[in-house]
Amino acid sequence: MPSFTFKRTERLKSRKTIQKLFSNGNSYAVYPLRLVWIPVEKVEGTSIQFALSVAKKRVPKAAHRNILRRRIRESWRLHKHLLYQQLEGQEQCFAFMVLFTGNKELPYETIEESMKTIIQRFPKKMRANQKANR
């Protein structure tokens, strides 16, 4: 049975890592979400650290931003086990930042489908990036 918790060790809070994400991270998008990721040092307790952002410029009302954050976090929490299954046996760890790129509040189902697609595409994108860096 997969774990559907979102533990403290899974949260990306390091400013240095977040700056590295935006300076030399890899990304791809599935509307309305964009995933920015980089490989990082091994973190005790998890192989993926996750953070998210909803820009004030795109969604001006704080209540709507909070609702979107909750929906994105919930979709990550419920579907991250799919990614852990795909990455099982790998020694590498990753830092993820999910950015909301839409302009308005969207229903949970739309965000959930986008998150599932992002999670399913990640191993393929990771392998393509590793080949390009060789």
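Throughout, residue positions are numbered sequentially from 1 according to the sequence presented.
The OG atom of S114 sits 10.0 Å away from atom CD1 of I119, with the distance rounded to the nearest 0.5 Å. Taken from OG1 in T110 to CE in M115, the straight-line distance is 13.0 Å, to the nearest 0.5 Å. L82 CG to H79 NE2: the interatomic distance, rounded to the nearest 0.5 Å, is 7.5 Å.
The six-membered or imidazole ring of W76 lies near that of F50, with a centre-to-centre distance under 6.0 Å. Side-chain rings of F94 and F122 approach one another, their centers coming within less than 6.0 Å.
Closest approach of K42 and E91 over heavy atoms only: CD-O, 4.4 Å. Taking all atoms of both residues into account, the shortest heavy-atom contact from T101 to R58 is O-NH1, 3.1 Å. The two residues R11 and Q49 make their nearest non-hydrogen contact at O-NE2, 3.5 Å. Closest of all the heavy-atom pairs between P39 and Q92 is CB-NE2, 3.3 Å.
Of the options R70, R69, H64, a side chain to side chain donor-acceptor pair (under 3.5 Å) to N66 is made by R69 and by none of the others.
Side chains of I72 and V54 form a contact here, defined as non-hydrogen atoms less than 4.5 Å apart. Contact of the V30 side chain with the R121 side chain is registered, since non-hydrogen atoms from C-beta on lie closer than 4.5 Å. Side-chain contact between L33 and F100 is present, with at least one heavy-atom pair separated by less than 4.5 Å. Side-chain contact check for R73 versus L52: some heavy-atom pair is nearer than 4.5 Å. By the 4.5 Å heavy-atom criterion applied to side chains, L87 and M126 are counted as neighbours.
Within the hydrophobic cluster formed by Ile, Leu, Val, Met, Phe, Trp and Tyr side chains joined at under 4.5 Å, directly or through other members, V36 is accompanied by L12, I18, L21, F22, I38, V40, M97, L99.
Put simply, V98 and I67 are part of two different groups of oily side chains (I, L, V, M, F, W, Y) that touch within less than 4.5 Å, one to the next. Both Y28 and I48 belong to a common hydrophobic cluster when Ile, Leu, Val, Met, Phe, Trp and Tyr are linked at side-chain heavy-atom distances under 4.5 angstrom. Y84 and F6 end up in the same hydrophobic cluster when Ile, Leu, Val, Met, Phe, Trp and Tyr side chains are linked at under 4.5 Å. Linking Ile, Leu, Val, Met, Phe, Trp and Tyr whenever their side-chain heavy atoms come within less than 4.5 Å leaves L68 and L78 in two separate clusters.
No side-chain donor-acceptor contact under 3.5 Å links K56 to the backbone of R65.
Looking at Y31 and T117, their side chains never bring a donor and an acceptor atom within 3.5 Å of each other.
Salt-bridge check for R71 with E112: failed, with every basic side-chain N at 4.0 Å or more from each acidic carboxylate O. The residues E10 and K7 are annotated as not salt-bridged, no charged nitrogen and carboxylate oxygen being separated by less than 4.0 angstrom.
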